[in-house]
Amino acid sequence: MIAMAKPKDLERAYAIARDRYSGLGVDTERALEQLADIPISIHCWQGDDVSGFESADQELGGGLAVTGNYPGKARTPQELRSDFEKALSLIPGKHRFNLHACYAEMTGRKVERDALTIEQFKNWVAWAKSLGIGLDFNQTYFAHPKAADGMTLAHPDKGIRKFWIEHGIRCREIGAQIGKALGKSCLTNIWIPDGMKDTPADRKGPRQRLLQSLDAIFSKKIDRKYNVDSVEPKLFGIGSESYVVGSHEFYLSYAVRRKVLLTLDAGHYHPTEGIADKISSVLLYLPEIALHVSRGVRWDSDHVVTLTDELQGIAQEIVWGGYVGRVRIGLDYFDASINRVAAWVIGTRNMAKALLLALLAPIKKLKELEAEGDFTSRLALMEDAKVLPFGAVWDYYCERMNVPVGNGWMNEVKKYEREVLAKRQ
Ligand code: RNT
Ligand code: ZN
């Protein structure tokens, strides 16, 4: 059992921290208000290892790999919802839930992906409504026999392409209905696995086909109040090492030309290439972008998000650039080797911590020093700011938002594991 901090101590520590920050021109109260207004779209797929509810024996495919067999994985929509509610109760702030089309609930008969309607998602919508949270959506182009040869929207076979185009259209319609029902616009994201393991002879053909397929999917205008579309590029994947049809250049150009969002996934670039530095570039040309915040260890391994320099860099760019309203922050990772509820909580709390760190940085002063050309003082202040009493502000925020302070939330997860997850064998 982890001992909990006393509220009085938390307040005292916060008061000291507030004065320290205030001395650097940082208003901690304002930072906390701003943080409470930033939603993080938490991905459903950490809860069940990207299994979904369509069929039990379908291989994941698409180069996606989940490792680990920690007990207690959600097996039904009800279990996934209850696990997520547990996680939400341990994360400060008001967040969103990010669904994938393969989380459709079939009542009695199986509905194919090209025929999905809001019917298969109505329980999700009712649930989200009852929690007062928004939903986001993803088209699912993997874990399906028609995706088995590693091509979907770029497939040489017209019939297969048509199937996936129809899937895309259905998903945008579903997204719009979700957005309408919840009164919060739904982001519907497209990621496809299309690529080749070995050197292609024709790089052009699949890209031409993908362009046509996307245009067909997006041909119907949908009110952005309800549904907003996004496309997600990738550099390489397992099984698509030599060629990915939907590369960064392909989708960046597409997004600019066709006025859809671009999803930057932190695991989708060269191992040393971060996405933080891309934000201010692409936002010169795009009104809005989406993020899949992830942590790749040596490859796009989708480890739980930790408070790394890279994560802090992403948060700094969003906050320091004044882009809070233009970046839809989402998470994308899946670790089956640890408690899945804890994985949600750790990653999301870290995203929130990174945002708070960025909000608490003496950015005005740093920008002034930079404008004066005093790079020595800029570096000195940046480094000293790293050890300001951030923890006291974070703890106070958790207390104020009625979630456990410090590592105290693990008591709740352990209890839930004993009482609920352990009984799922
Ligand atoms: C895959 C993409 C994609 C998926 C999810 C499950 O490389 O990152 O976003 O992780 O759709
Ligand atoms: Zn992603």
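We count ligands from 1, going down the list as the structure has it; atoms in each ligand are counted the same way. From a predicted model like this one, the values you see are computed outputs, not experimental measurements.
Closest approach between the Zn ion (ligand 2) and any N/O/S atom of Glu232 involves OE2. Within Asp265, the N/O/S atom positioned nearest the Zn ion (ligand 2) carries the name OD2. The Zn ion (ligand 2) lies closest to atom OD2 when only the N/O/S atoms of Asp332 are considered.
Which parts of ligand 1 touch Asp300 is read off a 4.0 Å heavy-atom cut-off, strictly below it: atoms 7 (O). When each atom of ligand 1 is checked for a heavy atom of Asp265 under 4.0 Å away, the hits are 8 (O). Those atoms of ligand 1 that come under 4.0 Å of a heavy atom in Lys234, given as number and element, are 1 (C), 7 (O). Each of the following atoms of ligand 1 lies closer than 4.0 Å to a heavy atom of His292: 9 (O).
No donor-acceptor contact under 3.5 angstrom links the side chains of Tyr416 and Ser89, judged on distance only. Side chains of Lys353 and Asn350: a donor-acceptor N/O pair is present below 3.5 angstrom, by distance only. Thr263 and Ser230 share a donor-acceptor pair across their side chains, judged by distance under 3.5 Å alone.
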Mind running side-chain contact (heavy atoms from CB on, under 4.5 Å) on Trp164 and Tyr141 for me, showing each step along the way? CA-CA 7 Å; Trp164 289 116; Tyr141 295 96; 3.3 Å; yes

The test is side-chain contact (heavy atoms from CB on, under 4.5 Å); show your working for Ile275 and Leu291 and say whether it passes. CA-CA 9 Å; Ile275 59 167; Leu291 300 184; 4.1 Å; yes

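Cation-pi geometry between Lys278 and Tyr269 is satisfied (NZ or CZ under 6.0 Å from the ring centre, within 45° of the ring normal). Taking the ring centre of Trp124 as origin, the terminal cationic atom of Arg81 falls inside the region bounded by 6.0 Å and 45° from the ring axis.
Residue Leu64 touches ligand 1 through its side chain alone, judged by heavy-atom distances below 4.0 Å.
Every N/O-N/O distance between Trp45 and ligand 1 stays at or above 3.5 Å. Taking any N or O of Asp302, backbone or side chain, none lies under 3.5 Å from an N or O belonging to ligand 1. Backbone and side-chain nitrogen or oxygen atoms of His268 are examined, and one is located within less than 3.5 angstrom of a nitrogen or oxygen of ligand 1.
For atom 10 (O) of ligand 1, the closest non-hydrogen atom of the protein is Asp332 OD2, 2.8 Å. Looking only at protein heavy atoms, the nearest one to atom 9 (O) of ligand 1 is Glu232 OE1, 2.8 Å.
Separating the CG atom in Leu10 from the CH2 atom in Trp394 is a distance of 13.0 Å, to the nearest 0.5 Å.
The Zn ion (ligand 2) has His292 among its coordinating residues (N/O/S atom, backbone or side chain, under 2.8 Å).
Contact record, Ile238 with Glu241: CA-OE2, 3.7 Å, taken as the closest heavy-atom pair.
Counting heavy-atom neighbours within 6.0 Å of Glu273 CD, excluding the residue itself, gives a total above 12.
Using 4.0 Å as the threshold, His100 has a heavy atom nearer than that to some atom of ligand 1. The closest approach between Asn138 and ligand 1 stays at or above 4.0 Å for every heavy atom of the residue.
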